[in-house]
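Okay, structure first, notes after.
Letters A, B, ... mirror the listed sequences (proteins, then strands); counts begin at 1.
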Protein chains: 2
Amino acid sequence: MREQKKQATREALSAAALRLALERGPDNVRVDDIAEAAGVSPRTYNNYFSSREQAIVAAVTGERGARVAAAVADRPADVGLAAAVIEAIVDQYTAPGEPGRDALLLITASPALREAFVDTTGAIEHPLTDAIAGRLGDTDPHTARVLAASVAAAVRLALGRWLQTTAASFTAGGLVVPSGSLPDLLRATLAPLAPALDAAEQQALRRRR
Amino acid sequence: MREQKKQATREALSAAALRLALERGPDNVRVDDIAEAAGVSPRTYNNYFSSREQAIVAAVTGERGARVAAAVADRPADVGLAAAVIEAIVDQYTAPGEPGRDALLLITASPALREAFVDTTGAIEHPLTDAIAGRLGDTDPHTARVLAASVAAAVRLALGRWLQTTAASFTAGGLVVPSGSLPDLLRATLAPLAPALDAAEQQALRRRR
DNA sequence: CAGAAAAAGTGCGTGCACGCAAGTTTGCGT
DNA sequence: ACGCAAACTTGCGTGCACGCACTTTTTCTG
């Protein structure tokens with residue numbers, strides 16, 4: 001029940017942060033406002049988030065880590081590790097595009113928010129490590145960590161490029177082509193890691209018998 | 001000449017930061033002290049570094065990015081990409097251990113400094129991208145970026161684990177084995193990425209003819 | 001060589017992150 | 001049901017990062 005309450009205030013805080021940012025623009029939101037809107041003290045806000053940007057972005061990226069991990073775990077056992085990971089990520093990063101269309105617009109508009117959004121990639125690292133370790137049979141958690149970290153790094157790269165090009169296409173007024181959809185960009189960015197993922201899977205199989 | 005002066009003040013700042021941190025302990029160093037010791041205004045210090053930890057750590061990690069890139073480029077052309085990258089990194093992360101032995105002790109002692117030190121890994125990403133792209137023949141800069149980011153992420157993991165275990169071995173008073181030397185740890189952490197590096201190299205070769 | 005343009009340094013003000021030391025709530029054992 | 005211990009919240013104080021406007025220095029150009 002303690003956990004429930006913590007999660008509740010966390011969501012209240014990030015929801016308030018996003019709402020206020022949408023209403024007034026990101027630069028006209030003081031920390032005190034967010035805290036007040038969520039019904040906690042400013043100091044408490046700071047126990048949950050260490051920057052306004054983090055709070056705002058968390059409203060969009062909240063449970064991505066857990067969702068990605070679940071998606072990886074749910075792929076059928078007979079598809080390769082690389083395919084499982086890549087498709088799980090593509091799914092999870094494309095599906096939630098709907099809920100906050102204007103939120104994404106807000107994020108792309110502000111460099112600080114863009115950076116915070118891209119940095120949330122680090123949050124998928126630990127859940128993804130567990131998911132990969134599960135598929136590899138828990139023989140070598142070390143390898144799983146490395147692969148998860150690499151995948152996270154690649155996703156960070158893809159998101160960065162995507163935000164960059166979409167932002168550019170705004171300012172350039174359409175002269176710049178959006179450079180491909182996010183799913184395509186993700187697939188292309190993750191492709192070079194596929195050999196490493198599949199090699200690890202083969203080695204795990206070999207080790208198991 | 002402009003660049004020279006910038007680099008000079010940058011080094012003056014980080015050197016002063018490290019010296020003061022060693023003299024008084026990291027928590028007894030104010031930003032104003034660093035600025036004064038380097039002969040610039042506090043505001044200027046802030047144009048170079050956005051945290052004390054960054055300034056201190058930069059004294060140790062300064063040119064690592066460029067050195068790693070050069071080391072990768074200097075490996076003979078007939079060794080595989082994976083071997084070239086891994087050995088270059090191992091070299092560059094082991095050689096500079098001598099200059100600041102006490103500096104590393106200082107860093108391991110403070111969590112904030114540990115984090116800053118580990119985060120410097122990101123700085124090798126761009127130089128390493130260029131080095132890898134050079135070896136791949138510049139056909140696909142995108143792949144080079146992904147690989148460099150993954151390598152950087154793996155190095156970050158290795159450094160994190162290394163600092164963690166060495167710090168633990170301090171507090172535990174020797175009960176915990178240092179868990180292997182840094183070179184071994186780096187090799188073990190980078191190993192899972194070797195298939196990806198070599199696969200990219202093969203593909204580059206195939207594309208070239 | 002003068003004078004403009006660009007770039008780096010500086011002073012100031014604001015909002016913030018975070019340590020610390022209370023106070024308050026929650027959950028558990030008896 | 002009671003009370004205690006651990007976890008969470010809060011107020012306060014300090015140092016800091018960073019935007020902005022301005023001065024000083026460096027570089028470029030006619």
What does A:Tyr45 touch in the nucleic acid at a heavy-atom separation under 4.0 angstrom: a base, only the sugar-phosphate, or nothing? sugar-phosphate
Sorted by position of nearest nucleotide on DNA chain C, 5' first, the leading residue of B:Pro42 and B:Lys6 is B:Lys6
Exactly one of A:Thr189, A:Val118, A:Leu185, A:Leu182 should register a side chain to side chain contact (heavy atoms under 4.5 Å, CB included) with A:Arg161. Which one does? A:Leu185
Ignoring backbone atoms, establish whether B:Tyr48 has a side-chain N or O less than 4.0 Å from OP1 or OP2 of C:dA8. no
Side-chain N or O of B:Thr44 closer than 4.0 Å to phosphate OP1/OP2 of C:dG9: no
Nearest whole Å is fine: how far is D:dC16 P from B:Asn28 CG? 11 Å
Ranking D:dT9, C:dG15, C:dA8 by distance to the side chain of B:Glu3, first place goes to C:dA8
Give a yes or no on whether a donor-acceptor pair under 3.5 Å exists between the nucleobase atoms of C:dG11, that is its base, and the side chain of B:Arg43. yes
Between the main-chain N or O of B:Arg64 and the side-chain N or O of B:Tyr93, is there a donor-acceptor pair closer than 3.5 Å? no
Spacing between A:Lys5 atom NZ and D:dC8 atom P, to the nearest angstrom: 12 Å
Starting at CD of A:Gln7 and ending at P of D:dC8, how long is that distance when rounded to a whole Å? 12 Å
If you pin A:Thr9 and B:Ser51 to their nearest nucleotides in DNA chain D, which one's is more 5'? A:Thr9
Can a salt bridge be assigned to the pair A:Glu125 and B:Arg156 using a cut-off of 4.0 Å between side-chain N and carboxylate O? yes
Quick one: is C:dG27 close enough that its OP1 or OP2 comes under 4.0 Å of any side-chain N or O from A:Arg2? no
Between D:dG19 atom P and B:Asn46 atom CG, what is the distance in whole Å? 10 Å
Without decimals, in angstroms, what is the distance between A:Asp32 CG and C:dA17 C1'? 13 Å
A:Arg19 and A:Asp33 ion-paired at < 4.0 Å: no
